[in-house]
Amino acid sequence: MGVTPLIEAEGLAIGHRGRAIATGIELRVGSGDVLAILGPNGAGKTTLFRTLMGLIPAQAGNVRLSGRDVAALSRIEIARAVALVPQSLHVPFAFTALDVVLMARTARLPAFARPSAADRDLARAALDRMGLGPLAGRPVTELSGGQRQMVLIARAIVQDTPLLVLDEPAASLDWGNRHRLMERLERLAAGGLGLILSTHEPAHAARLATRVMTLDAAGRTWTGPALVALQPERLARLYDLPLNGDTTS
Amino acid sequence: MTASLETDRNLLSRSSLSEAALFLLLGTALVAALLLGTVVGPYAIAPSEVLRLVGARLTGTAEPSTAATVLFNIRLPRVLAAALVGAALAGAGAAYQTIFRNPLVSPDILGVSAGAGFGAVLGILLSMPVIVIQLMGFAGGLATVAMVIGVAALLRGQAEVLVMVLTGIALGALASAGISVVKILADPDQQLPAITFWLLGSLAGVKPGDLTLAVLPVVAGLVPLIALAWRIGVMAMGEDEARALGVETGRLRLLVILCATLVTATAVAISGIIGWIGLMVPHMARFLVGARFDRLLPASLILGATFLVLVDTTARSVATMEVPLGVLTALIGAPVFVWLLARGRREWA
């Protein structure tokens with residue numbers, strides 16, 4: 001393509017303390033690309049995300065954000081390049097939804113500053129767009145799992161990075177919110193953002209993804225177009241189901 | 001844009017009060033408490049007299065009088081020490097709670113106070129000068145918090161909140177045992193009474209010189225916490241999230257622990273072990289201004305100062321003999337702790 005991808009992994013091995021759980025991972029996401037990652041529980045999707053974000057070191061190979069090795073970047077540089085939407089929001093204190101979203105501005109603030117009125121406006125606008133405007137002042141400890149998830153997505157958008165990494169963003173959402181989330185993510189990708197998301201719903205991958213990566217329990221990866229990845233035989237093998245079973249429901 | 005805030009718990013966003021107005025109110029309460037503390041005592045000084053004497057001292061037109069002697073040599077140092085210690089313990093508590101993501105930690109529960117106490121008591125036993133006692137207190141506090149974090153890291157994956165609190169209690173007990181040994185070794189006429197009274201927490205012995213010695217380390221510890229308050233607050237989101245948001249958590253955590261421990265140990269060195277403030281005051285502050293650390297820290301500092309000035313004033317005026325401060329704070333703190341347990345049990349694993 002000639003354009004430097006937003007994120008690129010080569011010969012990547014992921015794992016903890018010298019024990020690799022998956023090796024030889026190749027991955028490339030550019031502006032407007034959506035990479036969906038499918039795989040059974042425990043296959044290492046979250047470990048992969050943590051490695052991509054530079055939160056844990058790669059066991060082999062490397063990850064480059066816009067051409068620069070993630071291991072050599074500061075946390076602020078990484079936070080300006082890629083935003084993370086974790087699986088869930090757990091915080092022991094009653095931060096308001098607005099407070100949580102405002103934290104996305106941290107990487108843009110001078111070291112000793114606190115968010116400005118302009119930052120507040122950005123955060124409020126993002127909450128409004130996620131349909132959470134009326135809950136901005138509500139402590140997140142009082143919100144439902146789905147609402148917290150939407151707060152995390154609003155935060156990632158306010159972080160204003162070219163790339164979003166979403167760890168099972170739809171897991172705790174009801175049907176209506178899943179629909180809204182998919183629409184929102186489609187629009188973000190259409191607007192030029194790169195997205196990497198893990199999901200347990202092949203239908204989501206089919207709808208959003210330009211590419212699908214599968215990561216099976218043995219640590220083998222495969223990357224290809226969504227249509228091929230989501231063939232029933234492939235899904236059956238990935239999730240270790242009998243071939244004659246109805247695997248696409 | 002006009003969000004409904006009806007269920008919001010903290011006072012700041014529930015009322016129409018602005019942040020500045022709320023802090024002005026808190027500041028006024030502190031000034032009122034300071035004034036009350038200087039007025040109350042066996043030698044009565046009227047509030048107007050206090051203001052006049054302070055004004056005269058500041059403009060350099062002071063004339064010697066009994067009131068001036070009582071005010072500047074006895075009462076003001078004591079009241080200011082109470083404010084300093086209260087602010088220090090509450091600020092350190094707010095910082096520890098935020099970076100450990102744990103509403104139940106505080107300098108005393110993490111064992112920092114007992115560790116600092118052991119260091120300082122050892123200093124008293126060895127008849128060291130005040131500055132060395134402070135340094136030994138700091139070393140004791142830092143060693144304890146390092147061990148608590150070390151054990152929690154070793155047992156990673158288990159309920160971290162519980163591990164940290166229990167380790168803190170265990171190490172606190174160990175430090176208390178060390179203190180008991182020091183008490184046995186101490187000279188029963190000179191050192192032992194001083195150690196015993198000091199362990200229960202007291203500001204009775206504070207001299208103007210001690211205050212000057214303590215101000216510098218407390219300010220040195222608090223300034224980085226205030227300057228970096230926003231980033232420190234992000235650490236409440238947890239290690240991975242804070243780093244993903246752009247915070248170098250390793251370095252920042254170390255800095256916060258050093259600062260909070262310096263502040264705690266300095267407070268312990270001048271006032272002895274005063275429990276509960278570091279746990280309780282940050283919760284009172286959260287109730288007023290919410291969880292954001294850039295608001296929580298200044299609110300905790302002001303509230304902590306106000307609280308301890310009032311408690312100390314009570315301690316020296318309710319009875320003919322002085323009530324140890326630790327007794328009074330425990331009387332207020334224990335019920336608050338139980339209330340926290342009852343209210344927060346869903347939120348911690």
Side-chain angles (χ1 to χ4, degrees), chain A residues 46 49-50 53-56 74-86 89-100 102-115 121 124-125 127-128 132-143 152 155-156 159 161 165 167, chain B residues 1-10 12-14 19 94 97-98 100-105 161 223-224 226-252 282-283 286-287 290-296 343-344 346-349:
Chain A
T46 301
F49 285 173
R50 295 182 73 209
M53 302 284 306
L55 294 170
I56 51 174
S74 72
R75 289 313 324 176
I76 286 187
E77 289 172 310
I78 296 171
R80 288 176 182 176
V82 51
L84 173 70
V85 177
L89 170 65
H90 287 296
V91 56
F93 305 112
F95 284 98
T96 64
L98 186 66
D99 293 342
V100 171
L102 268 178
M103 290 184 184
R105 301 307 295 168
T106 304
R108 308 277 171 180
L109 293 175
F112 302 132
R114 48 195 284 198
D121 290 345
R124 276 198 182 277
L127 282 168
D128 280 342
L132 291 172
L135 302 179
R138 195 80 77 83
V140 286
T141 43
E142 287 178 8
L143 300 183
L152 288 175
R155 185 177 75 185
Q159 203 168 329
T161 55
V165 169
D167 197 354
Chain B
M1 274 299 168
T2 49
S4 78
L5 303 165
E6 71 283 352
T7 58
D8 201 5
R9 275 213 208 109
N10 78 67
L12 186 58
S13 36
R14 195 175 47 200
E19 193 180 337
Q97 286 177 8
T98 300
F100 292 130
R101 296 164 45 77
N102 185 336
L104 291 188
V105 302
V161 172
V223 164
I226 293 169
L228 291 163
W230 177 259
R231 262 150 226 271
I232 294 169
V234 173
M235 290 185 66
M237 288 287 120
E239 183 74 9
D240 272 8
E241 271 183 65
R243 292 176 73 202
L245 289 165
V247 178
E248 304 278 359
T249 51
R251 253 186 279 162
L252 189 58
H283 286 281
R286 245 179 237 113
F287 183 76
R292 263 178 67 167
F293 190 69
D294 56 323
R295 291 177 184 148
L296 178 68
R343 204 187 68 142
R346 284 169 300 137
E347 279 145 34
W348 347 293

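So that the names make sense, note that chain A is the first sequence line, chain B the second, and so on, each numbered from 1.
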Does any heavy atom of chain B fall under 4.5 Å from the side chain of [X], the backbone, both, or neither of them?
X: A:Ser74; answer: both
X: A:Arg155; answer: side chain
X: A:Ile76; answer: both
X: A:Ala113; answer: backbone
X: A:Val165; answer: neither
X: A:Met53; answer: side chain
X: A:Leu127; answer: neither
X: A:Arg105; answer: neither

**Request:** Evaluate the side-chain proximity of B:Trp230 to A:Leu102: yes if any heavy-atom separation is below 4.5 Å, no if none is.
**Result:** yes
**Prompt:** Which one of A:Ala104, A:Ala83, A:Pro115, A:Ala79 has the most heavy-atom pairs closer than 4.5 Å to chain B?
**Reply:** A:Pro115
**Asked** Any idea which of A:Pro86, A:Gly54, A:Ala156 has the most non-hydrogen atom pairs under 4.5 angstrom with chain B?
**Response** A:Pro86
**Request:** Please confirm whether the backbone N or O of A:Phe93 pairs with a side-chain atom of B:Gln97, one donor and one acceptor, at under 3.5 Å?
**Result:**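 Not a single qualifying donor-acceptor pair exists.
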**Item:** Donor-acceptor pair, side chain of B:Arg292 and main chain of A:Asp99, under 3.5 angstrom
**Value:** no
**Item:** Partners meeting salt bridge (Lys or Arg N to Asp or Glu O under 4.0 Å) with B:Glu19 (sequence neighbours left out)
**Value:** A:Arg114, B:Arg295
**Request:** Starting from the C-alpha separation in whole Å, work towards a yes-or-no answer on side-chain contact (heavy atoms from CB on, under 4.5 Å) for A:Val91 and B:Glu241.
**Result:** CA-CA 11 Å; A:Val91 56; B:Glu241 271 183 65; over 6 Å; no
**Message:** Let me confirm one number: the CG-CG distance from B:Leu245 to A:Leu84, rounded to the nearest 0.5 Å.
**Reply:**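 With rounding to 0.5 Å, CG (B:Leu245) is 8.5 Å from CG (A:Leu84).
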**Gap separating the CZ atom of A:Arg75 from the CD atom of B:Glu248, nearest 0.5 angstrom** = 7.0 Å
Side chains of residues 231-238 of chain B: which donor-acceptor pairs under 3.5 Å do they make with residues two or more places apart or in other chains?
unit_1: B:Arg231; atom_1: NE; unit_2: A:Ala111; atom_2: O; d: 3.3
unit_1: B:Arg231; atom_1: NH2; unit_2: A:Thr106; atom_2: O; d: 3.0
unit_1: B:Arg231; atom_1: NH2; unit_2: A:Leu109; atom_2: O; d: 2.9

